[in-house]
Amino acid sequence: MCGIYGSTFRYPDEVIAQKLDRVSFRGPDFSAFRHYDGITLGHNRLSIIDLDPRSNQPFTYQHLRIVFNGEIFNYKDIKQVLAGKNYEFNTTSDTEVICAAYLAYGADCVKHFNGMFAFVIYNSITKELFGARDRLGKKPFYYSHSGQSFEFASQVSQINIGRDLSTDETAIHDFLMWSYVPEPKSIYNEVKKLEAGCSFKFDMYSGNLAISRYWDLDYSAGNSFTGTYEDAKHQLSDLLNDAVKIRLFADVPLGVFLSGGIDSSLIAALAVKHVDRVKTFSIKFNESGFDESRYAEKVARHLGTDHHTISCNYNEGIDLIENISRYYDEPFADSSAIPSLVLCKYTKNHVTVALSGDAGDEGFLGYHRYRWINDVNFLFNLPVGMRKAIASLVHLSPKYRHKLIAMGISIDKIENLYTNMLGTLENSWLLEKNLKLDEGMMRILNNPNKPLLERVSDFDIKTYLNGDINTKVDRSSMAFSLESRSPLMDYRIIEFSRTLPTSFKYNNGIQKRILKDLLYQHVPKHFFDRPKAGFTMPLATWFRSELKDYLMDNLSENDLKNIPGINVPKTQEIIREHLTGKWNRSAQIWKLLVLSQWLKGQKNSVKNQLALA
């Protein structure tokens, strides 16, 4: 797990050093850059596999030069095959295996990799760059392409150094809707994200950049699994065991994030089968209704893990809140980023790698919103006029949740309701109120070949899992030089989940049915007889108490006027509604705080660059 950088731009060495230093937290063990025939490659290393300096990067293999961020979990199997083809290896790293696989299979090498990765290979013979990002977007990849110039990095702030980049106001609109900037956009007009499951070739002679998709979900009718439910359980159990097993190899200490929920408990239960005395980590909030640490401790005692509970309160989080833009260098407003940062900060004191339960909800229909969208679907068989009449009655309720429901059932289509639920259902404070979704993403949601729950699951895997969850986990773990691995995001498990009948995942109101039944083979069912809870912060309470002054100091009228795309008087009104307890506006307020902080940081950055010039 590392930070990568490369450019055909001609920067002074001190500027390149600044670009690497900007994300030194991604790889504190070794940092270097090299110049090769018009291309500069740089790397910050977090040593996980083969700690020897021989595996430092930029790495040379025959006529190839590589910088690589991530892990190839099946690299030993690939290495064995390639050794049989007379490829030689001088390290025990997965980096060397990527190079040999590229020589053996060309661009198709990525189809052999099971892992999380973003890498670039420079071929000194063909003067070509080849790079790729993993199937589900675990690892980030930003790039800027103009004419014959090409620059790439793990984080967009690296590209910003030494450049005069302009803010993309359409990306700000997307952020205000979604709480993150969706790929392929970045917050800057001149920088894009390489989409998950894509590879590219850049010809240094012509400047041509060709991007190809090497993997995607299956959007056909689906539900092709023909075995029984018990057959599916056995097959999924085998896949999960292998996915956990191959993620337990490291030359550094390793542990498991354990929230006490279904997904993390299942990963911990499988990990203890392969590792003695697994270390587990959970987070504790002082506010009632948010603290689930006791459930994690109960599971840990049952599994016999070496468990650590980490406390998070506003005193702990305020410094991270004020500096969130340093780690999330695009605007990012999933508030669970703060407890994630706290969790990773203290977990790093004990281990360098931690397994997580991410992707269980998207792959196996676990979110509350899946149940809700399924339950209200029948209403969308009614005429819009009738639904609006019902909505007008529901809207009379003083409760803000009822008002949101009224807004929801007034929307024309169930698919559009879902996108608004993910974005901003109540958007009166925005100047541009329409969601602008990529046509490809909307085709997924409107896919006539799949039932509603399968479509929203596919949509979330391609959008929310990628843009929100993966961004949150990558930045929060890398902020403290900690590697996070997600067995449930093994592409084999995601592909298998797409073949299963919906009833194997969601049946009579039981969500994640098949995962739960596998978990209950290891941990008693009654441990989980409670409502599902999200990994959230008590921001609604804090904004009315401990963080009230912070809120008012940072979202003054002048601050709001500097935020593009919002109606300032209406935004002031929603802040007042929250402070008086009339409506929970914490999600909107958090977006505004994050964006305001980022915009102020941009102004300071411009001033600093002008001063240096």
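Computation of the quantities below employed the complete heavy-atom set of this structure, encompassing side-chain atoms and omitting hydrogens, waters and symmetry-equivalent molecules. These numbers were taken from a predicted model, which means no experiment stands behind them.
The local environment of CZ in Arg10 is sparse, with at most 12 non-hydrogen atoms from other residues, nucleotides or ligands closer than 6.0 Å. Within 6.0 Å of CD in Gln62 there are more than 12 heavy atoms belonging to other residues, nucleotides or ligands.
Side chains of Tyr367 and Asp460: a donor-acceptor N/O pair is absent below 3.5 angstrom, by distance only. Of the N and O atoms on the side chains of Glu151 and Tyr142, not one donor lies less than 3.5 Å from an acceptor on the other residue. A donor-acceptor contact closer than 3.5 angstrom links the side chains of Glu190 and Ser166. In summary, the side chains of Asn447 and Arg455 do not present any donor paired with an acceptor at a separation below 3.5 Å, with no hydrogens or angles considered. Counted by atom type alone, Arg498 and Ser457 present one or more donor-acceptor pairs between their side chains at under 3.5 Å.
Atoms CD and OG, on Gln57 and Ser31 in that order, are 11.5 Å from each other to the nearest 0.5 Å. From Gln158, atom CD reaches atom OG of Ser144 across 13.0 Å, with rounding to the nearest 0.5 Å. For the atom pair CG of Leu209 and CD1 of Ile211, the computed distance is 4.5 Å after rounding to the nearest 0.5 Å. To the nearest 0.5 angstrom, Lys348 atom NZ is 14.0 Å from Leu343 atom CG. Here Lys245 contributes atom NZ and Leu240 contributes atom CG; the two are 14.5 Å apart, rounded to the nearest 0.5 Å. Between the OG atom of Ser497 and the CD atom of Glu495 there is a distance of 9.0 Å, given to the nearest 0.5 Å.
Taking the charged nitrogens against the carboxylate oxygens, Glu454 and Lys505 do have a contact shorter than 4.0 Å, which makes a salt bridge. Salt bridge present: Asp216 and Lys462 bring a charged side-chain N and a carboxylate O closer than 4.0 Å. One finds a salt bridge joining Arg26 and Asp474 here, because a Lys/Arg side-chain nitrogen approaches an Asp/Glu carboxylate oxygen to under 4.0 Å. Taking the charged nitrogens against the carboxylate oxygens, Asp358 and Lys138 have no contact shorter than 4.0 Å, which rules out a salt bridge.
Side chain of Asp329 to main chain of Ser157: a donor-acceptor pair is present (N/O by atom type, distance under 3.5 Å, no hydrogens or angles). Looking only at distances, no side-chain donor or acceptor of Asn44 sits under 3.5 Å from a matching main-chain atom of Cys2. In this structure, the side chain of His35 does not engage the main chain of Asp37 through any donor-acceptor pair within 3.5 Å. With hydrogens and angles ignored, the 3.5 Å screen pairs a side-chain donor or acceptor of Asn470 with a backbone N or O of Leu136. Counting only distance, with no hydrogens or angles, the side chain of Asn74 and the backbone of Asp77 share no donor-acceptor pair below 3.5 Å. A distance-only check finds a donor-acceptor pair linking the side chain of Ser476 to the backbone of Lys472 [under 3.5 Å]. With hydrogens and angles ignored, the 3.5 Å screen pairs no side-chain donor or acceptor of Asp94 with any backbone N or O of Tyr75. One N or O on the side chain of Ser124 and one on the backbone of His63 form a donor-acceptor pair closer than 3.5 Å. Checking side-chain atoms of Lys591 against main-chain N and O of Met177 turns up a donor-acceptor pair under 3.5 Å.
Between Phe225 and Gln235, the closest side-chain pair of non-hydrogen atoms falls below 4.5 Å. You'll find the side chain of Phe257 stays beyond 4.5 Å of the side chain of Val473, heavy atoms only. Between Val23 and Ser154 there is no side-chain heavy-atom pair separated by less than 4.5 Å. Between Arg326 and Phe25, the closest side-chain pair of non-hydrogen atoms falls below 4.5 Å. The shortest distance between side-chain heavy atoms of Arg135 and Ile494 does not fall below 4.5 Å. Contact annotation: the side chain of Leu103 approaches that of Tyr61 to within less than 4.5 Å [non-hydrogen atoms, C-beta and beyond].
The heavy-atom pair separating Ser481 from Thr352 by the smallest distance is O-CG2, 4.1 Å. Pairing each heavy atom of Cys99 with each of Phe59, the nearest pair is SG-CD2, 4.5 Å. Considering every non-hydrogen atom in both Arg22 and Ser325, the closest pair reads NH2-O, 3.8 Å. The two residues Val67 and Ile4 have their closest heavy-atom pair at C-CG2, 3.8 Å. Considering all non-hydrogen atoms of both residues, Lys512 and Asp361 come closest at NZ-OD1, 2.9 Å.
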Problem - Derivation and outcome, ring pair (Phe, Tyr, Trp, His ring centres under 6.0 Å), residues Phe73 and Phe249 - result: CA-CA 8 Å; Phe73 299 120; Phe249 178 77; over 10 Å; no
Exercise for the section: Run the numbers on Lys76 and Ile246 for side chain to side chain contact (heavy atoms under 4.5 Å, CB included), then give the verdict. Expected result: CA-CA 10 Å; Lys76 291 183 178 180; Ile246 62 176; over 6 Å; no
Problem - side chain to side chain contact (heavy atoms under 4.5 Å, CB included) assessment of Trp598 paired with Thr167 - result: CA-CA 11 Å; Trp598 185 86; Thr167 301; 3.9 Å; yes
Problem - Full working for side chain to side chain donor-acceptor pair (under 3.5 Å) between Asn56 and Arg45 - result: CA-CA 7 Å; Asn56 287 341; Arg45 185 183 184 194; 2.8 Å; yes
Practice task
Please step through ring pair (Phe, Tyr, Trp, His ring centres under 6.0 Å) for the pair Tyr327 and Phe332, ending with a clear verdict.
Solution key: CA-CA 10 Å; Tyr327 306 114; Phe332 182 78; over 10 Å; no
Practice task
Please assess Glu71 against Met116 for the test side chain to side chain contact (heavy atoms under 4.5 Å, CB included), listing each intermediate value before the final yes or no.
Solution key: CA-CA 6 Å; Glu71 304 288 351; Met116 50 183 185; 4.2 Å; yes
Problem - side chain to side chain donor-acceptor pair (under 3.5 Å) between Tyr418 and Arg369, intermediate numbers included - result: CA-CA 8 Å; Tyr418 190 72; Arg369 60 180 180 263; 2.8 Å; yes
Handout entry: Candidate pair Leu41 and Arg34, rule side chain to side chain contact (heavy atoms under 4.5 Å, CB included), full reasoning
Key = CA-CA 6 Å; Leu41 297 179; Arg34 302 281 186 272; 5.7 Å; no
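Evaluated for a side chain to side chain donor-acceptor pair (under 3.5 Å) with Asn416, the options Asn420, Asp412, Thr419 yield exactly one hit, Asp412.
Proximity of the aromatic rings of Phe130 and Tyr102 is defined here by a centroid distance below 6.0 angstrom, and this criterion is met. The ring of Tyr180 has its center no closer than 6.0 angstrom to the ring center of Tyr464. Residues Phe152 and Phe141 bring their aromatic ring centres within 6.0 Å.
Shown here are the side chain to side chain donor-acceptor pair (under 3.5 Å) partners of Tyr188, two or more places apart in sequence or in another chain: Asn160, Gln602.
Between Phe119 and Phe113, the ring planes are perpendicular. Angles over 60° get that label, and only those under 30° would be called parallel. Taking the six-membered ring where the residue is Trp, Phe200 and Phe150 present tilted rings, their angle falling between 30° and 60°.
Counting only residues at least two apart or in different chains, salt bridge (Lys or Arg N to Asp or Glu O under 4.0 Å) contacts with residues 118-133 comprise Arg133-Glu183.
Both tests hold for Arg163 against Phe9: distance to the six-membered ring centre under 6.0 Å, angle to the ring axis within 45°.
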